[in-house]
Asks: 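Sharing a structure with you now.
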Amino acid sequence: MSEITTPRELFLHELGDILYVERALADEALPKLIGEVQDEEFRSGLERHLEQTRRHVANVESVFESLGEEPETEPCLGFEGLRKEHDKMVEETASGLIDLVDVGAAARTENYEIAAYESLRRMAKGLGEEKAVELLDANLKDEKETLREVEKIATRLSNEHAKQEATA
Ligand SMILES: [Fe+2]
Ligand SMILES: [Fe+2]
């Protein structure tokens, strides 16, 4: 027997999935990254995104409330995969290259969140849940802006590291 049989149930399941991701980012993953990185612009960007991520958690909880539901998390296997991959990369990589590893991990995570919010806002729209669409759009906008910033920093760091290599 399928547990999820209606579009609304599927929406709530996926909402629980992104709530799991946002809480894990706010409580564990972003503070950990902030502790790892050396580059100041990257670190202050992550600190800013940690503040935003706390708002993302509250917004997703508000989406549940707007539907008359209790916020409930679903363990997100996609995010756990990204997290495991990152931890393994950090173990295997020289300390001078950790910022490059972390900027890649940040970009992967933002792309994952963007895909999740695009899909959630589409489902909310289909269900006629306008308040939910508005809240999801607010998070989506932050994720897209953050991805652009991360990509800019990634380009600069890649060029700097390549130059260091060339002059070494
Ligand atoms: Fe987020
Ligand atoms: Fe994010």
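Order of appearance sets the numbers: ligands from 1, and atoms from 1 within every ligand.
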Asks: Quick one: are Glu129 and Arg8 in side-chain contact, heavy atoms under 4.5 Å?
Replies: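 Yes. Closest side-chain heavy atoms under 4.5 Å.
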Asks: Glu92: what forms a salt bridge (charged side-chain N to carboxylate O under 4.0 Å, His left out) with it, not counting sequence neighbours?
Replies: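 By the salt bridge (charged side-chain N to carboxylate O under 4.0 Å, His left out) rule, Glu92 matches Lys88.
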Asks: How would you list, by chain and number, every residue that makes a side chain to side chain contact (heavy atoms under 4.5 Å, CB included) with Ser44, sequence neighbours excluded?
Replies: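 With neighbours one apart ignored, the set is Glu47.
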Asks: So how far is it from Glu143 CD to Gln52 CD, rounded to the nearest 0.5 Å?
Replies: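 Interatomic distance, Glu143 CD to Gln52 CD, rounded to 0.5 Å: 7.5 Å.
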Asks: Does the side-chain contact (heavy atoms from CB on, under 4.5 Å) test come out yes or no for Thr53 and Asp142, once each step is laid out?
Replies: CA-CA 9 Å; Thr53 300; Asp142 284 345; over 6 Å; no
Asks: By side chain to side chain contact (heavy atoms under 4.5 Å, CB included), which residues pair with Asp27, not counting sequence neighbours?
Replies: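 If we apply the side chain to side chain contact (heavy atoms under 4.5 Å, CB included) test to Asp27, skipping adjacent residues, the hits are Arg23.
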Asks: Take the Fe ion (ligand 1) and tell me which protein N, O or S atoms are nearer than 2.8 Å.
Replies: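 Glu22 OE1, Glu22 OE2, His56 ND1, Glu113 OE2, Glu143 OE2, with waters left out.
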